[in-house]
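Each residue takes its place number in the sequence, starting with 1. Just so we're clear, the structure is a prediction, and the values are computed from it rather than from any experiment.
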Amino acid sequence: MKVFNTLTRQKEEFKPLVEGQISMYVCGPTVYNYIHIGNARSVIAFDTIRRYFEYRGYQVKYVSNFTDVDDKMINEARKEGITVPKLAERFIDAYMQDTEALNIEQATLHPRATHEIDDIISFIQTLIDKGYAYEVDGDVYYRAKKFSDYGKLSDQNIEELEEGASEHVDESQQDQKEDPIDFALWKSQKQADEIAWDSPWGKGRPGWHIECSVMSTKYLGDTIDIHGGGQDLEFPHHENEIAQSEAKTGKKFVNYWLHNGFVTVGKKQEKMSKSLHNFVTVHDILQKVDPQVLRFYMSSVQYRRPINYSEDGLRQAQVVLERYKNVLRNTDARLKDQTESSSDRILEEDLKQAKEEFIAAMDDDFNVQNALSVMYDLVTKVNSHLPKDQVDKKTLEEFTILLKQWLLIFGVAFEDKASDDDQKIAEMVSQRDQARKDKDWATSDKLRDELKALGIVLEDTPQGTRWHRA
């Protein structure tokens with residue numbers, strides 16, 4: 001298996017620290033609002049990657065944090081006249097509901113910044129003791145230039161970093177710092193109503209970058225296999241995580257850095273973001289779009305590539321999902337109807353080859369487009385097999401299991417839920433079949449129209465009439 005490592009800008013063979021086990025940290029949301037589609041891209045991309053690792057037999061310890069205190073949260077809580085913890089609880093609950101709807105596998109741990117204050121303070125104190133950090137009037141900053149490899153992840157020189165750093169800090173902080181690229185580890189309380197904790201440097205709260213260093217090393221170890229997040233986190237967030245963590249531990253922080261591409265919108269394909277006011281929240285879109293369709297759409301593009309979000313893209317995803325749903329439904333029907341089995345060596349070989357090609361595609365930095373092409377082609381071959389007088393039941397059973405496993409990697413799990421009126425529907429279908437045998441076309445048409453009005457789709461096959469709900 002090969003993955004593209006942002007740190008080296010190339011694909012590398014993936015070798016976990018512990019055979020059969022993977023430690024994975026993915027930066028989570030700042031919980032001051034509902035997540036938008038751009039945020040969901042990262043959640044979905046790394047859930048898909050995690051699920052593929054699990055399909056391949058790995059045990060994955062997956063940690064994703066909640067940033068539940070920062071300037072945005074303080075400002076939003078102040079505007080609403082509530083506390084920061086109350087604001088955080090509301091949007092953490094909303095996040096869990098939205099991601100559950102998208103069939104995101106729960107993280108092994110969801111640590112929160114405000115629950116790790118003692119460890120954050122201890123981590124910062126170690127950096128001060130080692131000369132990597134300094135305190136000014138209750139604020140604590142990291143000496144970026146003291147860390148010799150600063151800039152190695154984002155592949156920037158000091159001049160570029162100074163320019164980039166100026167875009168991410170308040171001007172009021174610049175006069176306090178020894179160097180423009182130094183960044184805040186601890187922020188002193190500026191107003192009496194600001195949420196704050198006691199520290200050796202006075203009342204204050206953690207900076208944004210420090211929490212992820214603390215939580216990843218605390219819960220996964222000083223060196224981890226994979227650290228993930230959006231491309232916009234390469235600098236300064238992930239760059240600063242490396243500097244903090246490696247300065248404290250003296251060890252390599254992360255072996256493989258994976259970054260997902262942006263979600264863009266419109267003809268100009270602008271990046272979706274709250275700052276540009278061009279975002280759509282998952283909470284809103286799930287009122288109109290099937291969560292499974294949205295999930296499949298967002299996971300059907302290789303994680304490093306951008307997705308141009310559009311209604312047309314959602315419609316195409318829905319069509320493809322219907323194709324998979326139909327082949328599973330029809331295969332299940334043939335397996336139930338067929339009493340005898342006829343071996344089909346060609347179908348057996350098609351299935352074997354598809355397995356190999358699917359794994360080869362996903363092993364190549366999670367190339368989901370190629371993997372989905374393999375699935376689509378295999379469905380075509382199975383569909384051509386289903387109308388035969390006798391089918392290869394063993395191979396069809398293997399196909400059903402395999403396709404469901406593959407779909408689950410993309411967060412898709414079809415459920416045929418029984419309904420109270422299933423028996424009534426089955427009787428009406430049986431009556432229609434009898435009417436057709438009797439050439440009572442008026443009754444047949446009447447029953448067909450009644451079934452259609454109930455949302456029932458009929459399929460006339462050589463093995464009889466099948467029905468399902470639209």
Tell me the closest heavy-atom pair linking [X] and [Y], and the distance in Å.
{"X": "Tyr25", "Y": "Ser216", "answer": "CD1-CB, 3.6 Å"}
{"X": "Ala133", "Y": "Val140", "answer": "CB-CG1, 4.1 Å"}
{"X": "Gln302", "Y": "Asn367", "answer": "CG-CA, 3.9 Å"}
{"X": "His110", "Y": "Ser64", "answer": "ND1-O, 2.8 Å"}
{"X": "Glu241", "Y": "His227", "answer": "OE1-NE2, 2.9 Å"}
{"X": "Lys61", "Y": "Tyr219", "answer": "NZ-O, 3.0 Å"}

**Request:** Mind telling me whether Tyr324 and Phe296 have parallel, tilted or perpendicular rings, with 30° and 60° as the class edges?
**Result:**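 Rings of Phe296 and Tyr324: perpendicular, as their planes differ by over 60°.
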
**Request:** Assign the ring pair His209 / His237 to parallel, tilted or perpendicular, where the plane angle (0 to 90°) is split at 30° and 60°.
**Result:** tilted

Do the side chains of [Y] and [X] get nearer than 4.5 Å, heavy atoms only?
{"X": "Met362", "Y": "Val368", "value": "yes"}
{"X": "Tyr134", "Y": "Arg143", "value": "yes"}
{"X": "Asp119", "Y": "Glu116", "value": "yes"}
{"X": "Ile401", "Y": "Glu398", "value": "no"}
{"X": "Ser343", "Y": "Glu348", "value": "yes"}
{"X": "Pro16", "Y": "Tyr256", "value": "no"}
{"X": "Leu402", "Y": "Phe358", "value": "no"}
{"X": "Leu407", "Y": "Phe414", "value": "yes"}

Ionic contact status for [Y] with [X], cut-off 4.0 Å:
{"X": "Arg304", "Y": "Asp365", "answer": "yes"}
{"X": "Arg50", "Y": "Glu54", "answer": "yes"}
{"X": "Lys187", "Y": "Asp139", "answer": "no"}
{"X": "Glu357", "Y": "Lys352", "answer": "no"}
{"X": "Lys145", "Y": "Asp182", "answer": "no"}
{"X": "Asp364", "Y": "Lys11", "answer": "yes"}
{"X": "Arg205", "Y": "Asp71", "answer": "yes"}
{"X": "Asp47", "Y": "Arg51", "answer": "yes"}

**Prompt:** Yes or no on ring pair (Phe, Tyr, Trp, His ring centres under 6.0 Å) for Phe53 and Phe366, after CA distance, side-chain angles and deciding distance?
**Reply:** CA-CA 10 Å; Phe53 277 130; Phe366 314 102; 5.6 Å; yes

**Request:** Go through the steps to decide whether Asp363 and Tyr52 satisfy the test side-chain hydrogen bond (donor to acceptor under 3.5 Å, both in side chains), and finish with yes or no.
**Result:** CA-CA 9 Å; Asp363 277 1; Tyr52 180 66; 2.8 Å; yes

**Request:** Mind checking the CG-CG spacing from Leu294 to Asn103? Nearest 0.5 Å is all I need.
**Result:**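 Answer for the CG-CG pair, Leu294 versus Asn103, is 12.5 Å.
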
**Prompt:** Hey, what do you get for CD1 (Ile104) to CZ (Phe46), rounding to the nearest 0.5 Å?
**Reply:**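 These two atoms lie 12.0 Å from each other.
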
**Prompt:** How about Asn260 and Ser42: does a side-chain donor come under 3.5 Å of a side-chain acceptor?
**Reply:**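 The answer is yes; a qualifying pair exists.
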
**Request:** Examine the side chains of Thr217 and Ser245 and answer whether a donor and an acceptor come within less than 3.5 Å of each other.
**Result:** no

**Prompt:** Looking at Tyr141 versus Phe183, is the centre-to-centre ring distance below 6.0 Å?
**Reply:** no

**Message:** Ring centroids only, cut at 6.0 angstrom: are Tyr34 and Phe91 within range, meaning strictly under it?
**Reply:**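 So the answer is yes for these two rings.
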
Aromatic [Y] / basic [X] pairing, under 6.0 angstrom, 45° off normal:
{"X": "Arg323", "Y": "Tyr376", "answer": "yes"}
{"X": "Lys248", "Y": "Tyr132", "answer": "no"}
{"X": "Arg112", "Y": "Phe66", "answer": "no"}
{"X": "Arg295", "Y": "Phe410", "answer": "no"}

For [X], does the [atom1] atom sit with more than 12 other heavy atoms under 6.0 Å from it, leaving out its own atoms?
{"X": "Gln287", "atom1": "CD", "answer": "yes"}
{"X": "Arg9", "atom1": "CZ", "answer": "yes"}
{"X": "Glu178", "atom1": "CD", "answer": "yes"}
{"X": "Leu17", "atom1": "CG", "answer": "yes"}
{"X": "Lys130", "atom1": "NZ", "answer": "yes"}

**Request:** Before giving the answer on side-chain hydrogen bond (donor to acceptor under 3.5 Å, both in side chains), spell out for Gln369 and Ser300 the whole-Å C-alpha distance, their side-chain angles and the decisive distance to 0.1 Å.
**Result:** CA-CA 6 Å; Gln369 282 105 322; Ser300 62; over 6 Å; no

